[in-house]
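The structure presented is a predicted model; accordingly, all values stated were derived computationally and were not measured. Numbering of ligands and ligand atoms starts at 1, following listing order.
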Amino acid sequence: MTVTELVPYEDALASYDPVMGLEVHVELGTKTKMFCGCSTELGADANSQTCPTCLGLPGALPVVNAVGVESAIKIGLALNCRIAEWCRFARKNYFYPDMPKNFQTSQYDEPIAFDGYLDVQLEDGEVFRVEIERAHMEEDTGKSTHVGGATGRIHGASHSLLDYNRAGIPLIEIVTKPITGAGERAPEVAKAYVAELRELIKALGVSEARMEMGQMRCDVNLSLRPHGTETFGTRSETKNVNSLRSVERAVRYEISRHAGVLNAGGKVVQETRHFHEDDGSTTSGRIKEEAEDYRYFPEPDLVPVAPSREWVEELRATLPELPRVRRNRLREEWGVSEHDMQSILNAGAVDLIVATTEAGADSAAARKWWMGELARSANESGTELSALPITPAQVARVAALVAEGALNDKLARQVIEGVLAGEGDPDAVVEKRGLKVVSDDSALGAAVDEAIAANAAIADKIRAGKVAAAGALVGAVMKATRGQADAARVRELILEKLGVEG
Ligand code: ADP
Ligand code: MG
Ligand code: ZN
């Protein structure tokens, strides 16, 4: 094997124009499998969720899952696709131990949805249109575990274990048309596309689309062509990339690698490649020079799918607001910059903030707590914001206590800390920890007198008219009351006692 010299990214882009194709598999969140009634619940004992159909036993007959078809149509519609009036499933024939039927039930030349597009927003706000070739229905394979080797790969293993619980879980594969014109932003476009698609799938409620759990995975096709030429170069296909960051890195790496091959006068091999998280590289997988012969033919055991136009229109009417549109709407409602909105998105805080405002907080307060104190806390414990043991309703209650003057920010932080520590609802924490702003004069008077006595020089300055110096005395009182005093009232009391006008 010859080692390719990687060309620095900018140099590669100076000579070549990248062309990408993204194939995304989404596991649908249906209760049962695509062609049988077996449960899709995760975490069950190996092979406990199987039946003659998904094990491919002779004579077993598949039945299409209507929710699977409905989900496929919703995805197609949300991607601005045309929905087939009539289409069939097809058998994709190949042998592999994780597929007991010896064929995968898929769709070939008759996908349920085709010819669409998805507009994705780049970090600077620019919108890039990615055209969709098709979205089709198929089923997942089982899962192999290779035992006995050092790496967990089949190479070096002594034996393999097979779990067919996943075999037959519905998948939708969404394939883009070749993406051209992204230039140096190709990695960003790829990442933004997969991110947008994931948000869309979640908004449709058809899957949780959790990439880290394999519910959504992306194959990254990439080729380069010299600037000014039309013909596409030979592509590589990096399989099963399973995070947004990895999609971006895989595109970047392949651009540098292809440029290296081409600059050295070599030919890019059409092959599948594996992506490595640790160093962001890809390595050769399976050569794909000739199209594999899967001997596709229409599935004889399933009736064609012919969704009525009435049904399609009914489903269209249920589509939620597109994530990109919703984000832009919220950004305007909240009056935040693109940059701040991006941070909110990256923190996974949009829905939490919305829920907090729905529970009565104003959006500025909701943002402040989720993006401040709570983001810090999530960061420290290495969890997601949504996994913190505090609800939007509890955050809204803290915000309400601040708004009515019962808590100041410092006390509110302690209340949040208490809720996170499992001490109960905000009101319970306030009660147990005795966290209330003290504003009645009898309670504050003594502390103010002490502060004046202990800082005679400052008190004199204030008497002489230097009102700004009152801040130091307010600080002393706040310290003495462990932050519980009503700062505004303390200031008034100080000025009163010293006989000056605020
Ligand atoms: P396969 O089944 O071999 O993966 P598909 O047609 O399903 O082929 O998917 C190929 C993907 O790669 C599509 O997204 C397609 O738009 C894209 N593509 C096709 N040719 C090229 C090319 N030369 N360079 C980059 N992407 C390509
Ligand atoms: Mg492919
Ligand atoms: Zn089954």
E248 and R252 ion-paired at < 4.0 Å
no
Among N221, T176, I132, T234, which one has a heavy atom closest to atom 15 (C) of ligand 1?
T176
Check this for me, if you would: do R129 and E131 make a salt bridge, where the nitrogen-to-carboxylate-oxygen distance has to be below 4.0 angstrom?
no
Please determine, by modelled atom types, if S223 and R235 share a side-chain donor-acceptor pair under 3.5 angstrom.
no
For F114, is the NZ or CZ atom of R134 found under 6.0 angstrom from the centre of its six-membered ring and inside 45 degrees of the ring axis?
no
With heavy atoms under 4.0 Å as the rule, classify the contact between E23 and ligand 1 as side chain, backbone, both or neither.
side chain
Before signing off on this row, confirm whether E173 and ligand 1 have an N or O atom pair separated by under 3.5 Å.
no
Taking only heavy atoms of G233 into account, list the atoms of ligand 1 that are under 4.0 Å away from them.
23 (N)
Would you mind running through ligand 1 and noting each atom that sits below 4.0 Å from a heavy atom of P178?
16 (O)
For R331, is there an ion pair with E338 - N to carboxylate O distance below 4.0 angstrom?
yes
Sorted by chain and residue number, the salt bridge (Lys or Arg N to Asp or Glu O under 4.0 Å) partners of E230 (sequence neighbours excluded) come out as none
Please determine whether a side-chain nitrogen of the Lys or Arg among K143 and D163 lies less than 4.0 Å from a carboxylate oxygen of the Asp or Glu.
no
Check L22 against ligand 1 and report side chain, backbone, both or neither, counting heavy atoms closer than 4.0 Å.
backbone
Could you tell me whether E23 and R217 have a side-chain N and a carboxylate O separated by less than 4.0 Å?
no
Closer than 4.0 angstrom, basic N to acidic O: yes or no for R326 and D351?
yes
What do you reckon, does M20 put a non-hydrogen atom under 4.0 Å from ligand 1?
yes
For ligand 1, which is the ligand I care about here, please tell me if L222 has any N or O atom under 3.5 Å from one of the ligand's N or O atoms.
no
So, regarding F232 and ligand 1 (criterion: nitrogen or oxygen to nitrogen or oxygen, under 3.5 Å), is there a contact or not?
no
Salt bridge or not between R185 and D124? Use side-chain N to carboxylate O under 4.0 Å.
yes
For the residue pair K92 and Y294, would you count it as a cation-pi contact if the rule is NZ or CZ under 6.0 angstrom from the ring centre and within 45 degrees of the ring axis?
yes
Return the orientation label for the F35 and F89 ring planes: parallel under 30°, perpendicular over 60°, tilted otherwise.
perpendicular
Under 3.5 Å: N/O of E237 near N/O of ligand 1:
yes
With heavy-atom distances below 4.0 Å as the criterion, list the atoms of ligand 1 near K177.
16 (O)
So for R134, does at least one of its heavy atoms come nearer than 4.0 angstrom to any atom of ligand 1?
yes
Which atoms of ligand 1 are found less than 4.0 Å from any heavy atom of G21?
12 (O), 14 (O), 17 (C), 26 (N)
In total, how many protein N/O/S atoms does one find closer than 2.8 Å to the Zn ion (ligand 3)?
4
